[in-house]
There are 2 protein chains.
Amino acid sequence: MTLVTTAGDDTTLTRVERKELTRQAILAAALRLSSDGSLGSLSLRQVAKEVGIVPTAFYRHFASIEELGLALVDEAFVSLRAMLRDVRNAGGDPTFNDMIDSSMRVLADHVRAQRSHFAFIARERFAGPPQVRATIRHQIELFERELATDIARLPGTDAWSTEDLYVLANLIVGASVSTVEELLYADRRAAEELVIARACTQLRMMLVGALGWRSAD
Amino acid sequence: MTLVTTAGDDTTLTRVERKELTRQAILAAALRLSSDGSLGSLSLRQVAKEVGIVPTAFYRHFASIEELGLALVDEAFVSLRAMLRDVRNAGGDPTFNDMIDSSMRVLADHVRAQRSHFAFIARERFAGPPQVRATIRHQIELFERELATDIARLPGTDAWSTEDLYVLANLIVGASVSTVEELLYADRRAAEELVIARACTQLRMMLVGALGWRSAD
DNA sequence: AACCTCGGTGAACGCTCGTACACTGAAACG
DNA sequence: CGTTTCAGTGTACGAGCGTTCACCGAGGTT
């Protein structure tokens, strides 16, 4: 149950390495414990007990639970950015359909691998402490702006205004967030596949609609 | 600050009426207090103090905070259903554009008028106690099914399968939820109008895309 | 008038909470 | 080698928590 001394060869570790190890253990414990109920209903003492340290030792790493929450948001968005990189790499150029399918595949894989991070973001986006909420909103907005520049490179969007690009990016990110949230609740593998298939259809609708709508305008 | 005796003419009230009054005061207080941090970080004693009753009197109305939460979900969805009714009534048949614009107008008005209810749902959808989460998910799914039957009555969807209707409804409900969440964070009136305008554009994209995509299929 | 119902009271309980403070002992350093 | 640094310890505190119980007194019933 206690994690702080998981790596058995204590002797080979320098002091800063040990501290970092404890820090990681605290982050992992907080992620585990907050999976039911938000950060607000997570106590410093619970975390300390889960990690296997005395409550006051917590302060050697974070000044408060809120500060821990901000560190978790950082950690989660690092893995989200890794996903975005994978999406870009996997994005086959040949057809829209290939691009959409492979992107959704990557998304689903990441949700499965980093389930607790995604769930944490979903929870704290609206229920977390104000600064945590603000940071999450800001990061999502960054995603939207990045996606907008990606879309600008797609064929058929040459004449689009910045605002139009952003509107479409906002729609796609919003739909992706919905998909992630549905994936989090998909218990069986079959249910997951259904969610993915639907999301692909929806993405296709959006892209067809956006391109058709613009050229008809 | 205390609300239980807000209506001055105590004498004219029957006992069940008084009880209902206190119940409403508890619900209102819980909504107010939980606006920062979720239900989980809301204590029975805080609620009692806000209402102006002694902690133990809380049990005369609810067995636990969770049960109170379920009552709040019910209350919130009653007002959401009222909105859906307004959307249907306001839905001008002449063109898609009118229908979309008026629906978004109604949505924005309701978010403004029932802000705390929408914020509560947004918060507890992922951070609330399990049963609260499940109830919210179920209600949203009901919305999707209702919307699917509405869409089926639209011109151009005659040949659609049940699944296709549901996929589009799921997309629209998801986008609406995103819009509501953005409206909740729109501080100035101008920002609100921008969100509405974008949402209208996005809805237009989705409908054009869905109809175009289907007929191309 | 006598009785019963029941929403609200107030004291008391055993917890958990965040935080203050003085401490230890091994790692890092001059 | 002696000194300093500092992650983790252990105790203690006051505050807030959910829940228990016996009690009250106005409202409703007969």
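Naming: A, B, ... by sequence-line order, numbering from 1 per chain.
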Requested in this report: Grab the CD-C1' distance between B/Glu20 and C/dG8 for me, whole Å please.
Outcome: 17 Å
Report task. Would you mind building the protein contact string for nucleotides 20-25 of chain C? One character per nucleotide, 5' to 3', B for base within reach (heavy atoms under 4.0 Å), S for sugar-phosphate only, - for untouched. Result -> BB----
Query raised in the report: Could you state the CD-P distance from A/Glu67 to C/dT19, rounded to the nearest angstrom?
Result: 12 Å
Query - side-chain contact (heavy atoms from CB on, under 4.5 Å) partners for A/Ile140, two or more places apart - result: A/Phe77, A/Arg125, A/Ile136, A/Glu144, A/Val173
Query raised in the report: Atom CZ of B/Arg23 to atom P of C/dG8: distance rounded to whole Å?
Result: 13 Å
Query raised in the report: In whole Å, what is the span from the CG atom of A/Leu13 to the P atom of D/dA7?
Result: 15 Å
Query raised in the report: Any side-chain heavy-atom pair from B/Leu39 and B/Glu66 closer than 4.5 angstrom?
Result: no
**Report entry** Of B/Arg112, B/Arg115, B/Arg105, B/Arg198, the residue whose pairing with B/Glu192 passes salt bridge (charged side-chain N to carboxylate O under 4.0 Å, His left out)
**Finding:** B/Arg112
Query raised in the report: Is the backbone N or O of B/Leu70 less than 3.5 Å from a side-chain atom of B/Gln131, with the two atoms forming a donor-acceptor pair by type?
Result: no
Query - Separation of C/dA27 P from A/Lys19 NZ (nearest whole Å) - result: 17 Å
Query - N/O donor-acceptor pair under 3.5 Å between B/Arg123 side chain and A/Phe126 backbone - result: no
Query raised in the report: Taking the six-membered ring of B/Tyr166 as reference, does the NZ or CZ atom of B/Arg145 fall below 6.0 Å from its centre and within a 45° cone about the axis?
Result: yes
Report summary line: In whole angstroms, the gap separating P of D/dG8 from CZ of A/Phe62 amounts to 12 Å
Requested in this report: Please report, rounded to the nearest Å, how far the P atom of C/dC6 is from the NE2 atom of B/His61.
Outcome: 13 Å
Query raised in the report: For B/Glu17 and D/dA26, what is the distance between atoms CD and C1' respectively, to the nearest whole Å?
Result: 16 Å
Query raised in the report: Is there a residue in residues 37-46 of chain A whose heavy atoms reach under 4.0 Å of DNA chain C, and which residues are they?
Result: A/Ser43, A/Leu44, A/Arg45, A/Gln46
Query raised in the report: Any side-chain donor-acceptor pair under 3.5 Å between A/Gln24 and A/Glu20?
Result: yes
